[in-house]
S.K.: 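Got a structure for you, questions after.
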Amino acid sequence: DNSATTAVRPEVLEAMLPYLSEQYGNPSSIYGLGQAAHQAVEEARGQVAKAIGAAESEIVFTACGTESDNWAIRGVAFANQNRGKHIITSAIEHHAVLHTCKQLEKEGFSITYLPVDETGLVSPDDLKAAITDETILVTIMMANNEIGTIEPIRELCAIAHESGVLFHTDAVQAVGHIPVNVEELGVDLLSLSGHKFHAPKGIGALYIRKGTRIGTFMQGGAQERNRRAGTENVAGIVALGKAITLAVEELPETSERLTQLRDRTIKGILDRVPYARLNGHREKRLPGSLNIGFEFIEGESILLLLVMKGIAASSGSACTSGSLDPSHVLLAIGLPHEKAHGSVRLSYSRYTTEEDVDYIIETLPPIIERLRAMSPL
Ligand code: PLP
């Protein structure tokens, strides 16, 4: 379940530890301890900028991907509302984007939720048709966290820009996993989060293209050049810089290996289990992520039996979070409720091995068989 979060890498932990102990200065202090922390923050900013092809001044550290998404959307909405109050997003965004948009609707903005096709792709033509004179922002995720589908961001962004509309992408599941370069994509704003690529939880960043009109989100001190108040999470920032550097350096090798493991898992399961299908796009998908729907049974019961076998996965439905609603993403790709309920996501990391995959291919099919034998359907 590495799409939920990943382990902190030993090299990353080692880089951040001094900033939790002897190097505990506040980057705003003028004496040596503070200046050392300041330097560490700036070095990490350079690392993050380099990893995504940005300038250092375009990177602002935040507390998480959720904050980056909230800030990008609300910050642009309120700073540009004199030009219009219409925002376009997709039906399959993470709740950090969807709930922010829902809140803006209550505050007088209008939102268009673009549909996706059966593989989870947003259609450029749909985006073109949805843009009006009132549109100020398009926010579409780079890679989906549930089904792994990778959106055509470069093309979608170009369409927004033709009409002078700003473009934000939630790249929380993409950064560190597929190539992400803000110049190639053309985006104005991009959210990322450290814990998806082996930095700790609670550190993120927002890329803001130079000249983008955006308000502040946090009010307070003058940190981050007056753009994001709050004493910096120095150790987290150092960890983010280290983790993103390693992830990008190793990306070609890791992504090739994970793609092979992913495809072997998909084949291994679909060959053994009837009435099962891959959710999401066959090729345009994250290297280490797969989501399979099993007919006639519940994803939650599959998860429980997997837990008993030591496998940590996640289901498309939100039952574990106290709601019986099936995933909005699986419904958006056209699955009926009962099929959406029977889906399981497996997500790999650099620590996933061939043996792990053998074990999953061996363990999952009998679980499905056992549950189907008990199913009234
Ligand atoms: N956006 C996407 C696509 C995600 O997958 C997540 C986390 O699961 C987030 C945003 C939120 O990031 P964070 O957990 O850092 O707040």
Side-chain angles (χ1 to χ4, degrees), residues 1-9 12-13 15-16 19-20 27 40-41 44-45 47-49 51-52 54 58-77 89 92-104 139-146 168-177 180 182 187 189-208 214-221 223-224 227-248 286 289 314 318 321 347 349:
D1 201 17
N2 286 278
S3 292
T5 198
T6 58
V8 175
R9 285 178 72 154
V12 169
L13 183 64
M16 74 185 285
Y19 298 93
L20 294 171
V41 167
R45 196 186 311 282
Q47 291 172 317
V48 174
I52 62 167
E58 296 174 316
I59 302 296
V60 190
F61 294 112
T62 63
C64 53
T66 300
E67 182 190 330
S68 299
D69 285 342
N70 272 257
W71 179 15
I73 298 167
R74 294 185 65 83
V76 165
T89 187
I92 62 165
E93 300 296 310
H94 188 271
H95 285 141
V97 168
L98 280 184
H99 289 172
T100 303
C101 288
K102 290 272 176 229
Q103 177 59 30
L104 282 175
T139 171
I140 294 176
M141 70 199 323
M142 189 156 180
N144 184 269
N145 47 303
E146 289 189 34
H168 164 250
T169 189
D170 172 347
V172 167
Q173 291 288 346
V175 170
H177 301 274
V180 175
V182 291
V187 297
L189 301 126
L190 180 144
S191 303
L192 61 92
S193 177
H195 74 103
K196 306 296 185 181
F197 49 86
H198 305 291
K201 295 149 196 64
I203 183 67
L206 180 63
Y207 158 77
I208 308 174
I214 181 168
T216 52
F217 186 61
M218 305 276 277
Q219 315 302 324
Q223 289 90 354
E224 296 291 89
R227 288 181 297 178
R228 200 275 189 180
T231 301
E232 297 86 343
N233 171 4
V234 179
I237 289 170
V238 168
L240 182 70
K242 182 74 180 177
I244 201 168
T245 303
L246 292 172
V248 169
L286 289 170
S289 172
S314 109
S321 57
S347 44
S349 81

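Below, each value reflects all heavy atoms present in this structure, side chains not excepted, and no hydrogens, waters or symmetry copies. The first residue in the sequence is number 1, and the count goes up from there.
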S.K.: Who pairs with His99 by ring-ring contact (aromatic ring centres under 6.0 Å, His included), at least two apart in sequence or on another chain?
M.R.: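 By the ring-ring contact (aromatic ring centres under 6.0 Å, His included) rule, His99 matches His95.
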S.K.: Report the residues that fulfil side chain to side chain contact (heavy atoms under 4.5 Å, CB included) with Val60, sequence neighbours left out, ordered by chain and then residue number.
M.R.: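 With sequence neighbours excluded, Val60 shows a side chain to side chain contact (heavy atoms under 4.5 Å, CB included) to Trp71, Ile208, Glu224, Arg227, Arg228, given in chain and number order.
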S.K.: State whether the side chain of Asn233 and the backbone N or O of Ile203 hold a donor-acceptor pair below 3.5 Å, judged by distance alone.
M.R.: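 Such a contact is absent between Asn233 side chain and Ile203 backbone.
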S.K.: What distance do Ser289 atom OG and His177 atom NE2 have between them, rounded to the nearest 0.5 Å?
M.R.: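 Between atom OG of Ser289 and atom NE2 of His177 there are 9.5 Å.
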S.K.: Check for a donor-acceptor pair, side chain of Lys196 on one end and backbone N or O of Ser3 on the other, with a separation under 3.5 Å.
M.R.: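 Yes, the answer is positive, given that a donor and an acceptor are paired below the 3.5 Å cut-off.
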S.K.: Which is it for Glu232 and Gln223 under the side chain to side chain contact (heavy atoms under 4.5 Å, CB included) test, yes or no, and what are the steps along the way?
M.R.: CA-CA 8 Å; Glu232 297 86 343; Gln223 289 90 354; 3.5 Å; yes
S.K.: In Å, rounded to the nearest 0.5 Å, how long is the span from CG of Leu104 to CZ of Arg74?
M.R.: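 Here the interatomic distance stands at 5.0 Å.
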S.K.: Can you list the residues that meet the side chain to side chain contact (heavy atoms under 4.5 Å, CB included) rule with Thr66, with sequence neighbours excluded?
M.R.: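 Thr66: side chain to side chain contact (heavy atoms under 4.5 Å, CB included) contacts with Cys64, Asn70, Ala96.
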S.K.: Do His94 and Asp170 come close enough that some side-chain heavy atom pair is under 4.5 Å?
M.R.: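 His94 vs Asp170: side chains touch.
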S.K.: Give the minimum heavy-atom separation between Ala44 and Ile237, together with the two atoms involved.
M.R.: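 For Ala44 versus Ile237, the nearest heavy atoms are CB-O, 3.3 Å.
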S.K.: Holding to side chain to side chain contact (heavy atoms under 4.5 Å, CB included), I want the full list of residues that pass it with Ala205, two or more places apart in sequence or in another chain.
M.R.: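 With sequence neighbours excluded, Ala205 shows a side chain to side chain contact (heavy atoms under 4.5 Å, CB included) to Ile59, Phe61, Leu192, Leu240, given in chain and number order.
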S.K.: Run the ring-ring contact (aromatic ring centres under 6.0 Å, His included) test against His198 and tell me which residues pass, sequence neighbours left out.
M.R.: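 Only Tyr351 meet the ring-ring contact (aromatic ring centres under 6.0 Å, His included) criterion with His198.
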S.K.: Using the side-chain contact (heavy atoms from CB on, under 4.5 Å) definition, which of the options Ile140, Thr139, Thr169 pairs with Val187?
M.R.: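 For Val187, the side-chain contact (heavy atoms from CB on, under 4.5 Å) check succeeds only for Thr169.
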S.K.: Tell me, please, which residues at least two apart from Ala143 pass side chain to side chain contact (heavy atoms under 4.5 Å, CB included).
M.R.: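 Once residues adjacent in sequence are excluded, the partners of Ala143 under the side chain to side chain contact (heavy atoms under 4.5 Å, CB included) criterion are Ile150, Gln173, Ala174, Leu286.
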S.K.: Rounded to the nearest 0.5 Å, what separates atom CE in Met141 from atom CG in Leu98?
M.R.: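 One gets 8.5 Å once the value is rounded to the nearest 0.5 Å.
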S.K.: Distance from Ser193 atom OG to Glu67 atom CD, nearest 0.5 Å?
M.R.: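 Going from the OG atom of Ser193 to the CD atom of Glu67 covers 11.0 Å.
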S.K.: Nearest 0.5 Å please: distance from the CD1 atom of Ile244 over to the CD atom of Gln47.
M.R.: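 Going from CD1 on Ile244 over to CD on Gln47, the span is 9.0 Å.
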S.K.: Answer yes or no: is there a side-chain heavy-atom contact under 4.5 Å between Asp69 and His168?
M.R.: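 Yes, side chains in contact.
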